[in-house]
Amino acid sequence: LPADFDWRDHGAVTGVKNQGSCGSCWSFSTTGALEGANFLATEKLVSLSEQQLVDCDHECDPEEPGSCDSGCNGGLMNSAFEYTLKAGGLMREEDYPYTGTDRGACKFDKSKIAASVANFSVVTLDEDQIAANLVKNGPLAIAINAVFMQTYVGGVSCPYICSRRLDHGVLLVGYGSAGYSAVRMKEKPYWIIKNSWGESWGDGGYYKICRGRNICGVDSMVSTVAAVQTSS
Amino acid sequence: AEDPLIKQVVDGAEGEALTDHHHFSIFKRKFGKSYASQEEHDHRFKVFRANLRRARRHQKLDPSAVHGVTQFSDLTPSEFRRTYLGLRSKLRLPKDATQAPILPTDS
């Protein structure tokens, strides 16, 4: 595994987006992973539609009635991949733009699918496996506890204590080997995470969190997706 | 522990309130915030001050990062979670999700 790796350097990551006042983080994590996978499959970076997921994806957890993807009221990346698999794919952002509300009807147009899911899987908690899947399969949809993110401005976050109760969906795009940790007075490896709160938040819209201890649950829910090549 | 960005110009709680007001003015201008009533304004200022204290606590708990004022500094933690997150944290595998194959990591 390379010591440092960042899919942004390979053109597989679209610009930072903004979910606005809507609990739709799950849809941005899903599109980010599929944008990366589609780039690997087609060598074309296409921005995909979160609004399609917000409006049309009501996939439920088969074993837990009522636990369904629900637009601005929340969802889950794995369920969103399931929906995308069944629907045939996602449209382009420009064909189905984001509005940040979930009051609209579903406007999915099957003839305008820009990327499709071939399959998706869950990566184990092992950080080397997560890094290997990241390098091999593209950016990964992950979940994290966002408690420190409300006040985060920059640097590598490495809190002494942090809840592992997952409440936010984001995109793992890379990792670095040397973020300095003052309290530990040494360089620490860190994950590079793309968030969906706009570029003015955090480190240009990104969040860096140190690796090694499943801090804030960052290793707990990691999904990788493979795309098929579609022509639209 | 002295925050280099905040210069104490008067002593005591009055000075701190003055500084927080100054921060709140900069925050409103930077993030284009406006509030419908004086009452709402005062409430948001109180939340903002609490979030400044939270940022300082986070800074102590997480010294290798920089914590401070963000666009969410006028929201309570529960408003922040309810409005800007959105993960239904059910760790359950849907039918089609499989376990990713173990990949080699030694080469």
Side-chain angles (χ1 to χ4, degrees), chain A residues 1 19 21-26 61-64 67 69 72-76 78-79 81-82 85 119-124 128-129 131-133 136 143 146 148 150-161 165-169 179-183 188 197 200-201 210 220-221 223-224, chain B residues 1 3 5 23 27 30-33 47-107:
Chain A
L1 289 173
Q19 67 189 76
S21 308
C22 170
S24 56
C25 63
W26 57 280
D61 183 329
E63 295 158 358
E64 204 154 323
S67 178
D69 291 342
C72 293
N73 289 313
L76 207 56
N78 289 347
S79 306
F81 287 137
E82 183 87 14
L85 196 65
N119 61 63
F120 65 96
S121 40
V122 177
V123 181
T124 66
D128 282 341
Q129 282 302 304
N133 270 275
K136 183 171 183 292
F148 281 86
Q150 183 175 2
T151 58
Y152 173 82
V153 171
V156 175
S157 185
C158 203
Y160 302 138
I161 50 174
R165 190 173 62 82
L166 305 173
D167 53 16
H168 190 38
Y180 182 65
S181 168
V183 67
K188 288 281 288 179
W197 294 340
S200 66
W201 174 88
C210 65
S220 303
M221 184 193 282
S223 302
T224 178
Chain B
D3 187 330
L5 293 177
H23 275 293
F27 163 79
K30 180 177 179 183
F31 295 108
K33 298 274 187 173
V47 171
F48 179 82
R49 295 186 73 189
N51 277 331
L52 280 183
R53 288 192 294 276
R54 274 185 77 233
R56 289 185 187 114
R57 271 202 311 276
H58 282 180
Q59 190 63 65
K60 288 197 178 84
L61 283 170
D62 185 13
S64 54
V66 177
H67 288 272
V69 174
T70 69
Q71 65 255 47
F72 307 118
S73 292
D74 63 345
L75 299 177
T76 64
S78 59
E79 286 170 333
F80 167 70
R81 268 198 308 273
R82 195 172 52 244
T83 312
Y84 291 96
L85 304 188
L87 187 80
R88 280 183 175 276
S89 57
K90 300 286 175 223
L91 287 180
R92 201 177 296 282
L93 282 174
K95 283 191 303 296
D96 289 354
T98 53
Q99 204 64 16
I102 298 300
L103 298 175
T105 56
D106 46 8
S107 60

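A, B, ... follow the sequence lines: proteins, then strands. Residue 1 opens every chain. Values reported hereafter were calculated over all heavy atoms of this structure, with side chains retained and with hydrogens, waters and symmetry mates removed.
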Q: Sequence neighbours left out, what passes ring-ring contact (aromatic ring centres under 6.0 Å, His included) with A/His168? Give chain and number order.
A: A/Trp197
Q | Under 4.5 Å from a heavy atom of chain B, the part of A/Ser21 involved | A | both
**Q.** Heavy-atom proximity to chain A below 4.5 Å, by part of B/Phe80
**A.** side chain
Q: Kindly give the heavy-atom pair with the smallest separation between B/Thr105 and A/Asp128, and that separation in Å.
A: CG2-O, 3.6 Å
Q) Measuring heavy-atom distances to chain B, does A/Thr124 have an atom under 4.5 Å in its side chain, in its backbone, in both, or in neither? A) both
**Q.** Contact class of A/Gln150 relative to chain B, heavy atoms under 4.5 angstrom
**A.** both
Q) Between OG of A/Ser24 and CG of B/Leu85, what distance do you get to the nearest 0.5 Å? A) 10.5 Å
Q. B/His67 versus A/Phe148: any side-chain heavy-atom pair under 4.5 Å?
A. yes
Q. Nearest heavy-atom pair of B/Asp62 and A/Ser157: which atoms, and what distance?
A. OD2-OG, 2.5 Å
Q | For the student: nearest non-hydrogen atoms of A/Tyr152 and B/Thr70, plus distance | A | O-CG2, 3.4 Å
Q. At what distance, to the nearest 0.5 angstrom, does CZ of B/Arg82 lie from CG of A/Asn73?
A. 11.0 Å
Q: Name the member of A/Gly23, A/Gly169, A/Ser200, A/Ala143 that forms the most heavy-atom pairs with chain B at distances under 4.5 Å.
A: A/Gly23
(Q) To the nearest 0.5 Å, what is the distance between OG1 on A/Thr151 and CZ on B/Arg56? (A) 12.0 Å
**Q.** Heavy-atom closest contact (B/Gln99 atom, A/Val123 atom, distance)
**A.** NE2-C, 4.5 Å
Q) Between A/Gly154, A/Ala146, A/Ala132, which residue shows the highest count of heavy-atom pairs closer than 4.5 Å to chain B? A) A/Gly154
Q: For B/Asp74, enumerate each residue passing the salt bridge (Lys or Arg N to Asp or Glu O under 4.0 Å) test, keeping only those at least two apart in sequence or located in another chain.
A: B/Lys33
Q | When B/Ala55, B/Pro77, B/Gly68 are compared by non-hydrogen pairs under 4.5 Å with chain A, the top option | A | B/Gly68
Q. Which heavy atom of B/Gly86 sits nearest a heavy atom of A/Trp26, and at what distance?
A. O-CD1, 3.2 Å
Q) What are the two closest non-hydrogen atoms of A/Asn133 and B/Pro101, and how far apart are they? A) ND2-O, 4.3 Å
